[in-house]
Amino acid sequence: QPPKTPSKQWSLQDFEIGKPLGKGKFGRVYLAREIKSGFIVALKVIFKEQIEKYRLHHQLRREMEIQTSLRHPNVLRLYGWFHDEERIYLILEYAHRGELYRELRKTGRLPEKQAATYIASLTQALAYCHEKHVIHRDIKPENLLLDREGHLKIADFGWSVQSRSKRHTMCGTLDYLAPEMVENKAHDYAVDNWTLGILCYEFLYGVPPFEAEKQTDTFKRIMKVDLSFPSTPDVSAEAKNLISQLLVKESSKRLSLQKIIEHPWITKNVDLAGTCSK
Ligand SMILES: COCCOc1ccc2cc1OCC(=O)N(C)CCCNCc1c[nH]c3ncnc(c13)N2
C-alpha cells in the first residue's frame, strides 16, 4: 500500500499576485499565478482576526471541506488552501469574466435565452450540490461568476451547510423530532429553489421581485409573496409561469430542480448540452 502522498503544502512564495478582483465581507480576491506551472488562479485572502471576531472558524472550515469536495462545471473549484500568521489563503479557479451581476447592471436585464441558460446551469449545479447534501442558501448575483466562455460558476459557499439531518443520528426515528425541526430539514433544501425564482425575475426585469425602500417592507412583501409582473419589459408567459411556481410560500410546493429543467421555458430556450460543458 503506497504511502498517501500528502497534498502539497502551498505558501505565498509559490505565487505571483496580480490585480485585485474584488472585495468581499471577509477578504479580498486577487488574480494570481502559480510560479512553477504558470497556472492562473484566484487567491482569496481572509484575515484570521475577522474570522475569530465573528467566530466563523468552523463555518469556514466546513465551507472549505465542502467546496474542495465539489466537482461540477458550474461550481467554482477550490483547489486548496494555506495560511500564515494572520491570513488564510484560498486557491480558487479563476473566473475570467468576473461577477454576473456586473453584466446584469451593464445591460439592465438579460435576453430570455441568456437568463434561461443561467437558470439551467444554476439548477444543474444545485441538483449536484443537493445530491451531496450541500445546501448553498446564499445564492446572489455577486456570488455568481462567469468564466472566459461565459459559463456560470457559483462561488462562496460561505453559508452552505452539510445537511446531515438529525434523523440519521437518531437512527431513523422521527418520533423525537419536533414538527418544525422536521419541517426545517425539508424546508432548507427548498430555499435554493426560491432563490432561483428571485434570480430568474431579476435576470428578466433587472430588479429583484420584492425590492422596496425599507428592509421591513421587503420583508413584508416576501412574507406575502407580493409578486407582480410589470407590463414592460414584455416577458414571455412561460417565464412568468416558472417564476410563479418557484416563488411559493409553502416550500414543499415549489417546483423541484428536476421539474425546472423540464419546464417549457427552459427546454425552449436552452441547449442543455451547452450548459454542462466544461
Ligand atoms: C469564504 O470565501 C469562499 C470563497 O468565496 C469566493 C471565491 C471566489 C470569489 C469570490 C468569493 O466570495 C465572494 C467575494 O469574496 N466577493 C463578492 C468579492 C470578490 C468577487 N469575486 C471576483 C472574481 C472575479 N473573478 C473571479 N474568479 C474567481 N473567484 C472570484 C472572482 N471571486
Side-chain angles (χ1 to χ4, degrees), residues 7 10 12 14-34 37-84 86-107 118 121-122 125-126 128-129 132 134-162 191-192 195 198-199 202-203 208 278:
S7 69
W10 294 106
L12 202 46
D14 294 316
F15 298 91
E16 267 165 354
I17 309 297
K19 66 176 181 178
L21 294 171
K23 190 176 174 332
K25 290 183 285 286
F26 299 103
R28 289 172 182 277
V29 184
Y30 296 89
L31 186 60
R33 182 203 335 256
E34 199 278 317
S37 63
F39 193 75
I40 297 292
V41 293
L43 209 58
K44 179 159 178 177
V45 183
I46 300 167
F47 285 93
K48 286 183 177 174
E49 90 199 72
Q50 286 282 329
I51 291 298
E52 266 118 40
K53 191 168 120 191
Y54 296 97
R55 280 191 289 287
L56 289 171
H57 192 79
H58 305 290
Q59 179 159 320
L60 181 64
R61 176 170 297 286
R62 181 174 57 225
E63 122 104 35
M64 287 145 67
E65 277 149 15
I66 289 174
Q67 205 158 353
T68 326
S69 71
L70 295 178
R71 297 274 194 286
H72 187 277
N74 299 115
V75 174
L76 196 80
R77 280 294 309 282
L78 174 61
Y79 299 121
W81 63 77
F82 56 95
H83 64 99
D84 59 20
E86 7 13 276
R87 284 164 290 232
I88 298 165
Y89 302 85
L90 307 184
I91 309 167
L92 294 144
E93 172 184 2
Y94 171 49
H96 192 274
R97 282 175 34 184
E99 293 162 36
L100 193 160
Y101 95 101
R102 281 196 197 298
E103 181 174 296
L104 193 58
R105 293 287 170 276
K106 225 173 8 195
T107 56
Y118 288 151
S121 303
L122 262 170
L126 287 173
Y128 169 79
C129 292
K132 314 262 290 192
V134 172
I135 304 157
H136 193 289
R137 298 198 310 177
D138 184 25
I139 302 165
K140 50 184 185 271
E142 62 263 36
N143 291 335
L144 304 180
L145 304 170
L146 296 171
D147 70 3
R148 192 191 288 270
E149 290 75 37
H151 292 140
L152 181 139
K153 304 273 177 179
I154 305 179
D156 193 10
F157 282 75
W159 312 107
S160 47
V161 285
Q162 193 83 27
V191 292
D192 291 339
T195 308
I198 300 287
L199 284 168
E202 183 163 8
F203 289 163
K278 189 79 189 106

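Hydrogens, waters and symmetry mates are skipped; everything else that's a heavy atom, side chains included, is used. Atoms within each ligand, like the ligands themselves, are counted from 1 in listed order. In this text the structure is predicted, and so the values were computed from the model without any measurement.
Rounding to the nearest 0.5 Å places CG of L76 at 9.5 Å from CG of D147. The CD atom of E99 sits 8.5 Å away from atom CG of N143, with the distance rounded to the nearest 0.5 Å. Note: Y101 OH to L145 CG = 11.5 Å, rounded to the nearest 0.5 Å. If you take NZ on K23 and OH on Y30, they are separated by 9.0 Å, rounding to the nearest 0.5 Å.
At a 4.0 Å heavy-atom cut-off, ligand 1 touches E93 through the backbone alone. At a heavy-atom distance under 4.0 Å, atoms from both the backbone and the side chain of A95 approach ligand 1. Residue-level proximity to ligand 1 for E63 is carried by the side chain, the only part with a heavy atom below 4.0 angstrom. Proximity of N143 to ligand 1, defined as any heavy-atom pair under 4.0 Å, is confined to the side chain (atoms from C-beta onward).
A search for side-chain contact (heavy atoms from CB on, under 4.5 Å) contacts involving P208 returns I198, E202, E211, not counting sequence neighbours.
Which parts of ligand 1 touch L76 is read off a 4.0 Å heavy-atom cut-off, strictly below it: atoms 8 (C), 28 (C), 29 (N). The ligand atoms of ligand 1 that sit less than 4.0 angstrom from a heavy atom of A42 are 27 (N), 28 (C), 29 (N). Short contacts between ligand 1 and L145, defined as distances under 4.0 Å to a heavy atom of the residue, involve ligand atoms 28 (C), 29 (N), 30 (C), 31 (C), 32 (N). Of all the atoms in ligand 1, the ones that sit under 4.0 Å from a non-hydrogen atom of L60 are 1 (C).
Aromatic ring centroids of Y89 and F15 lie 6.0 Å or more apart.
Among P20, G22, G98, the residue whose heavy atom lies closest to atom 24 (C) of ligand 1 is G98. The closest non-hydrogen atom to atom 2 (O) of ligand 1, taken over K44, K23, H96, comes from K44. Counting only non-hydrogen atoms, the option in L92, L56, I51 that gets closest to atom 8 (C) of ligand 1 is L92.
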| field | Test log, rule side-chain contact (heavy atoms from CB on, under 4.5 Å), inputs L199 and Y118 | value | CA-CA 9 Å; L199 284 168; Y118 288 151; over 6 Å; no

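For the pair L122/D192, no side-chain contact is recorded, criterion being any heavy-atom separation below 4.5 Å from C-beta on.
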